[in-house]
Structures are given as structure tokens and as C-alpha cells.
There are 2 protein chains.
Amino acid sequence: MQTKDNPRAPYIQSLDRGLEILQLVGRSKRSISIAELADLLGIDRSSAFRFAVTLRRRGFLSCQPGKKDFLLGPSMWALAREYDWSKLLVDIAHPDLSLLATQINETAHLAVREGKSVLFIDSAHASRVIAAVGRTGELHPLHCTAHGKAILADADEGELRALLGLSPLRKYTKNTITTIGALAENCAAIQEMGYAIDDSEHAEDLRCIAAPIRFNNHVIGSIGISAPVSRLPDSLYSEYGEKVCVIANKIGGLLRNSE
Amino acid sequence: MQTKDNPRAPYIQSLDRGLEILQLVGRSKRSISIAELADLLGIDRSSAFRFAVTLRRRGFLSCQPGKKDFLLGPSMWALAREYDWSKLLVDIAHPDLSLLATQINETAHLAVREGKSVLFIDSAHASRVIAAVGRTGELHPLHCTAHGKAILADADEGELRALLGLSPLRKYTKNTITTIGALAENCAAIQEMGYAIDDSEHAEDLRCIAAPIRFNNHVIGSIGISAPVSRLPDSLYSEYGEKVCVIANKIGGLLRNSE
DNA sequence: TCGAAATGTTGCGCAGTGCGCAATTTTTGT
DNA sequence: ACAAAAATTGCGCACTGCGCAACATTTCGA
């Protein structure tokens, strides 16, 4: 009943394989055939077939009309939509959010993407209660906030255009990035550094530093801090950026274990 | 390997049970314990335990810190987020969307909820090309469009308040519903009739009729038609409403089979 | 248009796996 | 602190899921 390596882990092989299929199909943008599944899992075609049938019966996989290969199905969608995901992330991340706020002695925020915006789902305030911006529940633009750019970090220019391209990027301040090209460059830099900076790009006299929270190599949210320019000079970028990254990675790790 | 009833359906029992668990956990708002799972599935505690462990290993279930009971996990979230759901629905629904447009000879739209808005993801135009409102990709308010209200149909007053309550309902026209209470009543009526009506509640001289698309008893989107008041008098409400409902239910059925 | 190769689907039988039972450990409630 | 409930582990049998091989269907190239 268990794998070779750990005789003490009582897990169910066929369920595990089914879940692996879901993840494989979910990650590849294109649809996957039975034969490919069999190859990827190293199992027989007939087995792959039976797995696929089972997953489709429950609506976790579906086929495009007329085709035989598989995409994620509506059950996945229905479950994920109904669920209060923010709650999960908030539950797991809140202690570290507070930690970050006290470490740096500024306001810290937790955010996720919602459509074409950033949604702030939690915050923690340091004793210094000028209690700034970005209250929980607010929506802000993606292209000119540290959280937004952190969430976009892994997107290439094409994906950015698909997501934001319909309307031109609105200019909020003189620092706002207004072209997709420039935003793509910025994202590349964020990937390199690990954190995103908003230097008064959304509101005057407000700087933020945020880092993407990753799970299974996908960005699922961001965490960061905000402060007026006077308290967040350039010279502190790398120190604070490091701290934010560490916390973001820690939260990613907690999601993995999530126990 | 198969259930009692159909010896010809080659499905995998333990995967199926695992998926059933995901759906059970996903639908109940609160977290579920091992004991409850065992009860709900009619299996032994030890089995339920092994299922839960397997699901958690892959991140499809998670526990709140310190607790032992289960919520949907981050894998579910990550998969669903990455995926291009609109595409699935558009693929499946487009033929019927066109059908609806030609049947009624007006513009038809397909929409899903995105956060606190309605997102139009597809449309079909009749020959009569005054090609109205609601282009694909646009966001509109939930509380004053037929699509929005159809999507909210199953929500009770508490849920509406949780979703919309932070800011007051904006008044677009003299017909706009502006209180949560009135909206809840309207939703109840929609549930009863099966379709929602927007009588110039969002834009003057524009009426829409839309019906919720359901999957597993959850509203996942809406389909409907739009036309100027002159071409959509009260007397046609029930006839068109019926037609829209029929198509919406048909799409729901296609999602079930989705082949 | 046809035939060959690839893919999808079904039947079958064995071995490995998942199941329930029962014992042990941990948690909860009073 | 004790009892009751829940979680976790061990164990062995039966049944399930697996690969194999046959069959059906689709794809593709000439």
C-alpha cells in the first residue's frame, strides 16, 4: 500500500495517481491525450483510460466537443469558485504577516489577484499607527502597485498583454508604468531580485515593497509592506526586500505542508 | 473494479471516492473531520484517514494550523487559478449562444462572475446588427444587470451582503435596485421564474433577460439576450425567458457530459 | 481511396492493494 | 484526572486495479 521509500506513509496509490493526472493536465495549457497520460505516468494505456474515465465522470476532466483529449473540467471550477480561498491564505499567513509588520515596524499587507486587480485580503499594523492605505477588501490596479507587480512577476509580455492589454495602462502618478513593454521588463527584474517595488507609482508619497507567494511554482498571492517615502528610502530597499522575500517563501512553504 | 449497477463502466473505486471527498469538503463551508468523512462515505475510519492523507500530500486538502479537520487545499486553488475557464465554457456554450441569438434575433451574451462584477466572455449577434452593449471582456455591476442577478440567484441576503455590502449599491438609472433587501427579493423571484430581467436598471432603454447556468447545483455563469425596450416589451418576457432558460439548462447538461 | 500505424476501448486473470477490524495513541470534554 | 471520542497504526484477506493482449476506431501518408 505504500511506496518504496517510506513504509510508514499510508497513502492510496490510485487516488494519488489520479491527483497527479489532475496536476499534469492543469499545468499544461494544451489538452492531453490518453496516450500522453500513460507515457507521463509510466502506466499502461488501459489504466490511463480508466483513470481518465473516472475523472471525467466526476467532472474533474472534460473533453472539448468532438475531441478525445482532456482538459480540466467544470467540477474543478465549481469547487474552486465556491471556496473562500482568502480565508485559507489568511489563516496560514497571518502570523507571519504580523511578524513582518513588527520586524519592519510598518503596515504589512497580504493580497491576491482578482481578475484584473489586486485584492487586499489581510493586513497587520505596527505600533506606529499612521495606518496607511490599502484596507482589507480594497481593489487596486495590477500595473502600478508592488503587490500587483509581484503577482505578475512570472508573466511574459504576451501574458501581460492578454491580461491587461484591452485598455491602456492608466497613469496615476508621474512614476506610473504605462506601457506593457516597460512592465514586462520590470517583471523580469522582479523575478531576478525576488521582490517588487512601487515607488509612488500608484499614490504620491507612498512606497511599497512586495514579494510573490508561490505554490507549486505558481504565484498565488503576494505579501509586502507600505510606508511613506520618508520612512522607506532607497537605501533600505534591499534590506526590506530581503525580509519580505524570506517571509513570502516561508508562507509558500507553509502552504506545502499546511498542517 | 466496477459498481454493482453497470458492469461495463471501468472506473477506479478509490479515485472516485477521493474525488467524492473533494466535492464533499468543497461544498460544506466548514471544515470536515476524518470521522465525518467516514460517516458520509460509509467507510471505515482508517480508510477515511488514508484518503485524507493522500489528498493532503498533494495539497488538495489542508488543515488549519493546529487543527485536524480538513479544508480544500492550495493545489485546488493553484490549478483553478491558472486555468482558462472562460475558454472551456465558451467552447461548450458557443453553438447554443448562436442558436439563442438567431432564435430571438437579438444579441446574446455569455457571462461569468469575476469578483464583484460580471465578466462578459462571449457573444453572438443576430443578423439585426445594431450590435448593442456588453462587448466581450467588459466588466459590469452585479446588482443591476440581468446577467449579474442571474449569477446571484441562489444567494441569500447574508451572502449578498458579504459580497456587495461593503459599498452601497450604485444607482445607474431610476430603475436600479439600490438595497440589498430588494435585491434578495428579486433573487428569490429569479429562482422561482428561472430567469432574471434587467428593465433599464443599468443603462436607459436597454432591457436584458438572462438565466443562470448551473453545474452541480452551483451557478457558474449566465446566458442571456439584450435589446432596446422597443423590441423587448413586457409581453415577451415570459416567452423569451423560457427560451433563455432552456438554453441555460442545456448548457448545464453539456457541462455534465462534456464530451 | 486505401492500408498501415497510432490511439482508444474492452476482457481477463493474477498479484498487489485497499479495505475493515481491532489495538494503540492522541485529543477532547468535564 | 478520567472517561469518551477521535485519530492513527498493524494486520490479513478479498477484491480491486493493473498490465497484457485482442479488438475497434481514428489518423495519416501515398
Side-chain angles (χ1 to χ4, degrees), chain A residues 1-22 24-25 28 30-58 60-71 73 257-259, chain B residues 1-22 24-25 28 30-58 60-71 73 257-259:
Chain A
M1 179 160 46
Q2 52 270 19
T3 32
K4 50 221 162 186
D5 47 283
N6 185 356
R8 245 169 303 201
Y11 85 108
I12 292 177
Q13 190 188 61
S14 29
L15 174 54
D16 198 61
R17 287 186 175 167
L19 299 177
E20 192 177 352
I21 290 177
L22 281 181
L24 285 172
V25 174
S28 95
R30 65 196 176 70
S31 54
I32 305 243
S33 70
I34 301 266
E36 277 178 291
L37 278 183
D39 256 12
L40 289 167
L41 296 195
I43 59 177
D44 192 81
R45 301 265 260 306
S46 59
S47 296
F49 175 69
R50 292 184 268 251
F51 277 107
V53 168
T54 307
L55 288 162
R56 199 178 56 185
R57 281 163 61 101
R58 288 255 173 215
F60 283 78
L61 289 182
S62 68
C63 303
Q64 291 163 301
K67 308 283 292 181
K68 286 277 189 55
D69 33 18
F70 293 91
L71 298 163
N257 307 334
S258 73
E259 180 197 7
Chain B
M1 179 163 44
Q2 52 270 19
T3 33
K4 50 220 160 184
D5 47 281
N6 185 356
R8 245 170 302 204
Y11 85 110
I12 292 176
Q13 190 188 63
S14 29
L15 174 54
D16 198 61
R17 286 186 175 168
L19 299 177
E20 192 178 351
I21 290 176
L22 281 182
L24 284 171
V25 174
S28 94
R30 63 197 178 70
S31 53
I32 305 243
S33 70
I34 301 266
E36 278 177 293
L37 278 183
D39 255 12
L40 289 166
L41 296 194
I43 59 177
D44 193 81
R45 295 259 171 75
S46 59
S47 297
F49 175 70
R50 292 183 270 251
F51 278 106
V53 168
T54 306
L55 288 162
R56 197 178 59 187
R57 280 163 61 101
R58 289 258 174 210
F60 283 77
L61 289 183
S62 68
C63 303
Q64 293 162 300
K67 306 285 293 181
K68 284 276 187 57
D69 34 18
F70 293 91
L71 297 163
N257 308 334
S258 71
E259 177 196 10

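Letters A, B, ... mirror the listed sequences (proteins, then strands); counts begin at 1. Atoms considered below: every heavy atom in the structure, side chains included; atoms not considered: hydrogens, waters and symmetry mates.
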Inset, instruction - Record whether the side chain of A:S46 comes under 3.5 Å of the base of D:dG19 through a donor-acceptor pair of N or O atoms. - result: yes
Legend entry - D:dG19 base / A:R50 side chain donor-acceptor hit below 3.5 Å: yes
Legend entry - Spacing between A:L15 atom CG and D:dG17 atom P, to the nearest angstrom: 11 Å
Legend entry - Whole angstrom value for the distance that separates P of C:dG18 from CD1 of B:I21: 13 Å
Legend entry - A:D69 CG to D:dT25 P, straight-line distance once rounded to whole Å: 19 Å
Inset, instruction - Find which nucleotide of DNA chain D each of A:S14 and B:D44 is nearest to by heavy atoms, and output the residue with the more 5' nucleotide. - result: B:D44
Legend entry - Which residue lies more 5' along DNA chain C, comparing B:R45 with A:K68 via nearest heavy atoms: A:K68
Inset, instruction - Can you tell me the distance, in whole Å, between the CG atom of A:L41 and the P atom of D:dC18? - result: 10 Å
Inset, instruction - Take atom CD of A:Q13 and atom P of C:dC19, then tell me their distance rounded to the nearest Å. - result: 12 Å
Legend entry - Interatomic distance where CD1 belongs to A:I34 and P belongs to D:dT25 [whole Å]: 16 Å
Legend entry - B:L41 versus B:R17, closest heavy-atom pair with distance: CD1-O, 4.2 Å
Inset, instruction - Please check the phosphate of D:dG19 (OP1 and OP2 only) for any side-chain N or O of A:S47 closer than 4.0 Å. - result: yes
Inset, instruction - Rounded off to whole Å, could you give me the CG-to-C1' distance for the B:L37 and D:dA5 pair? - result: 16 Å
Inset, instruction - With A:R57 as the cation and B:Y11 as the aromatic partner, state whether NZ or CZ is under 6.0 Å from the six-membered ring centre and within 45° of the axis. - result: yes
Legend entry - B:L37 vs B:F51 side-chain heavy atoms within contact, under 4.5 Å: no
Legend entry - Any B:L55 side-chain heavy atom under 4.5 Å of B:V25 side chain: no
Inset, instruction - Provide, to the nearest angstrom, the distance between the CZ atom belonging to B:F49 and the P atom belonging to C:dC21. - result: 18 Å
Legend entry - Closest listed nucleotide, where the reference is the side chain of A:I12 and the choices are C:dC19, C:dT7, D:dG17: C:dC19
Legend entry - Backbone N/O of A:I12 and side chain of B:T54: donor-acceptor pair under 3.5 Å: yes
